[in-house]
There are 2 protein chains.
Amino acid sequence: MARNADSPALPRSVDVARLAEVSQKTVSRVFNNEPYVSEEVRRRVLAAADQLGYRLNNAARVLASGRSRSIGVVTLGTALYGPTSLLIGIERAVRDVGYTLRVATTVEGDTGGVAGAVESLLDQGVDGVIISEPIDDGAGPVQIGVPVLVLGAPPAFAGPHVVATGVRSDLLARVATEHLLDLGHRTVHHVAGPQRWFSARDRLDGWRTALRARGCPEPTVVEGDWSAASGYLAGRQLATDDTVTAVFAANDDMAIGLIRGLMEAGLRVPEDVSVVGFDDIPLAGYVTPPLTTARQPFDVVAREGLT
Amino acid sequence: MARNADSPALPRSVDVARLAEVSQKTVSRVFNNEPYVSEEVRRRVLAAADQLGYRLNNAARVLASGRSRSIGVVTLGTALYGPTSLLIGIERAVRDVGYTLRVATTVEGDTGGVAGAVESLLDQGVDGVIISEPIDDGAGPVQIGVPVLVLGAPPAFAGPHVVATGVRSDLLARVATEHLLDLGHRTVHHVAGPQRWFSARDRLDGWRTALRARGCPEPTVVEGDWSAASGYLAGRQLATDDTVTAVFAANDDMAIGLIRGLMEAGLRVPEDVSVVGFDDIPLAGYVTPPLTTARQPFDVVAREGLT
DNA sequence: CTGAAAGCGCTAACAT
DNA sequence: ATGTTAGCGCTTTCAG
């Protein structure tokens with residue numbers, strides 16, 4: 001027996017049934033909100049359950065029914081605002097449809113980490129898998145027996161059981177870039193996210209699209225790693241190029257670092273160089289100078305995916 | 001039958017056993033790394049399992065063994081850097097000891113949300129519960145049948161099955177405050193976090209301790225809600241008081257908002273007012289002016305708790 | 001070192 | 001509207 005001697009064995013549904021003087025199956029019906037149970041009986045069962053402190057055994061339920069009512073999400077183990085917000089949105093959305101969430105994190109740089117994370121989720125018996133901020137680590141979606149939802153990947157990523165939902169951050173990126181062009185800049189530079197991330201590529205695509213639509217020259221892209229530190233380095237670098245008058249950064253952290261890099265090099269923001277970020281972190285309006293940024297609708301994205 | 005007709009039924013351990021010509025129990029032994037299995041047999045079993053694409057059924061294992069090897073964590077559904085970092089640390093720590101994580105989020109302001117979250121975790125059959133960034137919502141730890149670890153609560157919070165691990169952020173807060181005093185300030189003001197949070201109270205305690213130890217006057221505390229916006233308001237307010245020369249903010253977001261509030265009121269930072277934050281968010285060194293801050297050892301805290 | 005039998009606590013089909 | 005009978009796929013005894 002695994003049960004400790006000091007804690008009295010937990011009550012099971014038969015115990016409740018006995019106390020309520022009904023069959024065990026009726027208890028099951030009550031706890032599953034199935035129809036065809038008289039109010040009278042339902043009340044009795046609930047009272048008995050309450051008295052005993054009964055709690056439905058999830059493992060047994062899953063085993064017998066074949067469905068776990070849980071879905072797994074693969075996410076990056078970082079405190080970055082974007083991925084975190086998306087995860088929170090997913091959690092809400094999943095719970096709203098009556099499922100629970102299993103989280104598996106991958107570490108950046110660990111190629112094949114996604115596959116491993118998916119494996120571990122499958123071992124836990126999830127009914128479906130969401131791959132949150134996917135990165136392109138070679139391996140396409142594995143052939144697995146449950147539905148997979150890939151957030152932010154191009155539709156080309158879809159497969160038999162695989163659905164891909166785009167965040168359309170390319171559109172937002174395009175708008176952000178156009179905003180800068182509307183200010184009268186000849187062109188806009190871009191500090192991109194790591195190009196292994198689909199979301200980074202999306203933003204770059206949106207930026208490029210905007211420039212082409214206006215026939216603007218397309219400057220060389222500086223690639224960062226989402227961190228303020230990398231944005232700072234990009235800023236120092238861009239400051240040496242006096243054609244730079246406007247910069248679109250792929251996230252707010254890099255934008256903030258970028259601004260500092262530019263300022264340290266003697267440039268004024270926004271007088272000499274305009275900067276636009278991406279994500280709309282809560283801090284954005286409070287740094288000096290305040291950061292203009294595009295807001296991503298994380299909650300909407302998360303909700304959309306759950307068909 | 002719950003199995004879809006289009007997906008061939010998943011293999012079970014008996015199938016593996018048949019193919020490997022051993023008993024089903026032996027398959028179980030191999031997959032649990034139990035001793036007393038000859039290398040020869042182990043290899044045969046693994047080969048058969050691999051060929052069939054066998055995967056141990058977690059629900060059945062949990063049901064039969066009575067242990068889920070999963071622990072639940074109650075956390076706040078925000079993208080705040082502190083709680084998020086702590087959660088990531090917890091995830092790593094939990095996985096390192098061979099457990100999986102179940103997450104339940106609570107919404108701030110929803111009194112009793114913690115109890116509800118704990119309920120849902122228990123329904124999912126976790127072996128233990130971690131309450132991460134606890135807030136004081138009246139209800140003490142409920143009497144539940146599994147071990148509970150409360151991170152960042154005072155030892156007084158402990159109970160029969162309840163362990164409390166302090167983050168000792170009070171010590172860090174004290175050091176931060178002393179740092180400001182060492183700079184020659186007559187006293188230090190404090191922009192606190194919401195006092196329902198234990199971690200906010202800890203920081204306030206540390207600040208107060210430092211002032212008392214030096215015999216400094218103890219100014220009125222301004223309470224924020226962790227956000228940059230609330231820090232900004234605090235800044236505007238403190239700017240009207242010309243005794244303010246140094247401020248310790250309970251987190252970096254508030255510190256950044258605070259700085260902006262002070263600057264907008266015509267004060268220079270750090271020339272007129274020194275500001276120290278708390279958390280050491282990655283951005284801290286890249287805002288203008290750079291933020292001095294105390295770093296919390298999230299990973300260590302998380303690891304410590306797992307006895 | 002390996003195997004046989006007996007459940008774990010529930011849901012699914014079929015009664016009634 | 002409620003009860004009966006079988007399992008779900010594994011781990012646990014207890015035998016060899």
Atom pairs, protein N/O to nucleotides 14-16 of chain D N/O, distance under 3.5 Å:
none

TODO: Taking only the side-chain nitrogens and oxygens of B/Asn32, find out if one of them lies under 4.0 Å from OP1 or OP2 of D/dT11.
DONE: yes
- [ ] Report, as yes or no, whether the 6.0 Å neighbourhood of atom CD on A/Glu21 holds more than 12 heavy atoms from other residues, nucleotides or ligands.
- [x] no
- [ ] Please state how far atom CD in B/Gln24 lies from atom C1' in D/dT11, giving the value in whole angstrom units.
- [x] 8 Å
Open item on the list: Test of understanding: with ring pair (Phe, Tyr, Trp, His ring centres under 6.0 Å), list the residues that count as partners of B/Tyr54, not counting sequence neighbours.
Closed with: B/Phe31
Task: Side-chain donor/acceptor of B/Arg29 to backbone N/O of B/Glu34, under 3.5 Å - done: no
Open item on the list: Tell me the interatomic distance from A/Leu63, atom CG, to C/dG7, atom P, rounded to whole angstroms.
Closed with: 17 Å
Open item on the list: Distance check needed: C/dG9 C1' versus A/Leu52 CG, whole Å only.
Closed with: 15 Å
Open item on the list: Using OP1 and OP2 only, check whether a side-chain N or O of A/Ser23 sits under 4.0 Å from D/dG3.
Closed with: yes
Task: Identified side chain to side chain contact (heavy atoms under 4.5 Å, CB included) partner of B/Gln51 from the options B/Leu19, B/Leu46, B/Val16 - done: B/Leu19
Open item on the list: Checking A/Arg69 now: which residues fulfil salt bridge (Lys or Arg N to Asp or Glu O under 4.0 Å) with it, not counting sequence neighbours?
Closed with: none
Task: Shortest side-chain distance from B/Ala64, nucleotide among C/dC10, C/dA12, D/dT11 - done: D/dT11
TODO: Would you mind telling me which residue lines up with the more 5' stretch of DNA chain C, A/Ala60 or B/Thr26, judged by nearest nucleotide?
DONE: B/Thr26
Open item on the list: Can you pull out the residues from residues 36-47 of chain B that lie within a 4.0 Å heavy-atom distance of DNA chain C?
Closed with: B/Tyr36, B/Val37, B/Ser38, B/Val41
TODO: Return yes if some donor-acceptor pair links the side-chain N/O of A/Asp225 with the main-chain N/O of A/Ser227 below 3.5 Å, else return no.
DONE: yes
Open item on the list: What contact category does B/Phe31 fall into here, base, sugar-phosphate, or nothing, at under 4.0 angstrom with non-hydrogen atoms?
Closed with: nothing
Open item on the list: Tell me whether the side-chain N/O atoms of A/Arg61 come closer than 4.0 Å to OP1 or OP2 in C/dC10.
Closed with: no
- [ ] Nearest whole angstrom, please: distance from the P of C/dG9 to the CZ of B/Arg67.
- [x] 14 Å
Task: Whole-Å gap separating P (D/dG9) and CG (B/Leu56) - done: 12 Å
Open item on the list: Test your reading of the model: is there a side-chain donor-acceptor pair from A/Asp15 to the backbone of A/Arg12, 3.5 Å cut-off?
Closed with: yes
- [ ] Nearest whole angstrom, please: distance from the P of D/dT2 to the CD of A/Glu21.
- [x] 14 Å
Task: Atom-pair distance (CZ on B/Arg69; C1' on D/dC10), nearest Å - done: 16 Å
TODO: Establish, from distance only, whether the side-chain atoms of A/Gln195 and A/Arg201 form a donor-acceptor pair under 3.5 Å.
DONE: no
TODO: Whole angstrom is fine here: how far is it from CD in A/Gln124 over to P in D/dG9?
DONE: 19 Å
Open item on the list: Does C/dC10 have OP1 or OP2 under 4.0 Å away from a side-chain N or O of A/Asn58?
Closed with: no
- [ ] Mark yes or no for a side-chain to base donor-acceptor pair under 3.5 Å between A/Lys25 and C/dA12, with no hydrogen or angle criteria applied.
- [x] yes
Task: salt bridge (Lys or Arg N to Asp or Glu O under 4.0 Å) partners for A/Asp123, two or more places apart - done: B/Arg55
Open item on the list: Which residues pass the side-chain hydrogen bond (donor to acceptor under 3.5 Å, both in side chains) test with B/Ser68, not counting sequence neighbours?
Closed with: B/Ser70, B/Asp127
